[in-house]
Amino acid sequence: MTSAIQASGLRKHYGTLAAVDGIDLSVKEGDVFGFLGPNGAGKTTTIRMLTGLARPTAGSASVLGYDVRSEVVKAKKAFGVVPESSNLYDELTALENLVFMGRLYGVPRQQCLRRAEELLALFRLSEKRDTRFASLSRGMKRALTIAAALVHQPRLLFLDEPTVGLDVLNARQLRAVVGQLNRAGTTIFLTTHYLEEADALCDQIAILKQGRIVASGTPAELKASVEAEPACTVRFSPMPQDAAAELTQRECVREVQVTAQGLRLRGPSLPRLTKLAYSYAQEKALQIEFISSHEASLEDAFVQLTGLSPDAMLAEKGGG
Amino acid sequence: MWRDNLRGILCIILKDMKAYYLKPPAISWGVLLPAALVLAFYLRDRGDVEELVPGLIALTVLFSTTAMEAVVINFELRIGAMERLLLAPISLWAVLMGKVLGGSVFGLIVVSAVGAGCVVGFGLFQSSLPYLIPVILLSLVVFSALGALVSVSVKEVFEAQTLANFARFPMIFLCGVFTPVGDMPAVLRHIAYALPLTYTVDGAKYALAADGGGSPVRDVIVLAAFALVLLLPAVRMLQRRFE
């Protein structure tokens, strides 16, 4: 399989600040490639260099076989970019925005209209075709911004934080469309703060920290590469209010987190954590509704590799 | 490549017309302000109204182009829409020319309406169109490029308007709109000759009055030079915004 994106020693310096500090990338055609990292790690700067918006300070990169320094205009015809902000034109309707984008990319007018209608249907926006962009809801704006990057049927799509700030339903719909596009053959380069999103969608992932790639591989490889602390999640019935505080005091427990599923106990030994859960239930005459051991997740990998908690990363982004 | 660029320029012009220019604020800035200024001077000194028409035309060109142009690019830079244009398979030059020509086309519509009004209202037209047309077309590009340069030079929209006024208002009084440049003190005369509106007024006076006093060829050459002098740094500054 050929490479959709190839980068070697790519750097971008702003004065003394190294926003991207020598990254090597290879994204296979047809893959969904996840580019993860905290704010300021260099994700957007990398996209800007790969799409010709910023000139690399050093290194080389090619997108769809075109050099990003000398042939980026040719590459632009074959890729689409969805920026982090929904930045279409407020005064134009949904249909007009899509037709404008298509015309800008040289799609013939009739084909453009047909394609725009198709995309409006795909994103469930057909009823809003004549509504001004300014009057659409946040989720609809996001969907239309993604649609605008698809009018010219790109082989490669850069998606910068596609679901940030969306409600669960809209985010799920957008993820489904991204999956659909990928199955139709579009290569996706995705940056996201949502680790479960990356885990669900991506074939390959690179984790970026302070302008450098600190790890890369499939989600499974990344999870396998970390030494996750054993954990088990347990839900008692009834759930005592002070259970978390009490269990934290026990010798085999290092940390107790309250999650939607119940209490997540972490400690050096999984058998001892499980035994504790049962003995606590017996001691307090509680029933165990649910108990499960916890496998290493992409979140564990991310935390170990970047030293940043995913919650802190979401808070930076104003996301949930 | 040039075909892609031409198509891109046309798309941007049409989009800007729809999104920004054919709106009440743009029209009021382009027509009402020049008309109010000319009327104020006419009421103060009720001379021959036809003498003020070249000035009215020149001010309409100045305000109709710069009023929105000085804001539009800055606004699009702020909301990220300019980035969207720069991601299209056209050159940065084409993007900027699309913006500048969008302002120029809007200015042409407004100045044509004002010109038609002058013909009907004052029964004018001793004009020499072969002189007037190149002077007006070049002036539209010059002042639209001035607006673009202002727009890419600042960070905030309000700063763009302030900077545009800093360039526009001295021109109103120094470039022969109300007082002939030849009647001014030497220092002001030298400043006037360094400002593009002087050549718009001179060309319009020559064409409308056909008095033979101006130098339309010089006006066209100087205005073409101003267009380049304003466009080149605007392109450079836009490039730098994305480095």
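Proteins come first, then strands; the chains are lettered A, B, ... in the order of their sequence lines, and each starts at number 1. Keep in mind it's a predicted model, so treat the numbers as computed, not measured. Side-chain atoms are counted along with the backbone in the values below, which use heavy atoms only and exclude waters and symmetry mates.
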Within 6.0 Å of CZ in B:R241, more than 12 heavy atoms from elsewhere: yes

Is A:K128 atom NZ crowded by more than 12 heavy atoms from other residues, nucleotides or ligands, each under 6.0 Å away? no

Sidechain N-carboxylate O distance under 4.0 Å for B:K99, B:E69: no

So what's closer than 4.5 Å to chain B heavy atoms on A:K12: side chain, backbone, both or neither? side chain

Could you tell me which of B:R3, B:K18, B:E83, B:R84 has the largest number of non-hydrogen atom pairs under 4.5 Å with chain A? B:R84

NZ or CZ of A:K77 within 45° of A:Y105 ring axis and under 6.0 Å: no

Can you tell which of B:G80, B:G8, B:G98 has the highest number of heavy-atom pairs within less than 4.5 Å of chain A? B:G80

Please rank B:A81, B:C11, B:A19, B:P89 by heavy-atom pairs under 4.5 Å with chain A and give me the top one. B:P89

Which portion of A:L92 sits near chain B, non-hydrogen atoms under 4.5 angstrom: side chain

Choice from A:E96, A:H152, A:R55 maximising heavy atom contacts with chain B below 4.5 Å: A:E96

Residue selection (most heavy-atom pairs with chain B, distance under 4.5 Å) from A:V81, A:T57, A:D90: A:V81

So with a 6.0 Å cut-off around CZ of A:R69, is the heavy-atom count from everything else above 12? yes

B:L10 versus chain A, heavy atoms under 4.5 Å apart: side chain, backbone, both or neither? neither

Engaged part of A:M49 at the chain B interface, taking heavy atoms whose separation is under 4.5 Å: neither

A:F79 side chain reached by A:T51 side chain, heavy atoms, under 4.5 Å: yes

Does atom CD of A:Q210 have more than 12 heavy-atom neighbours from other groups under 6.0 Å away? no

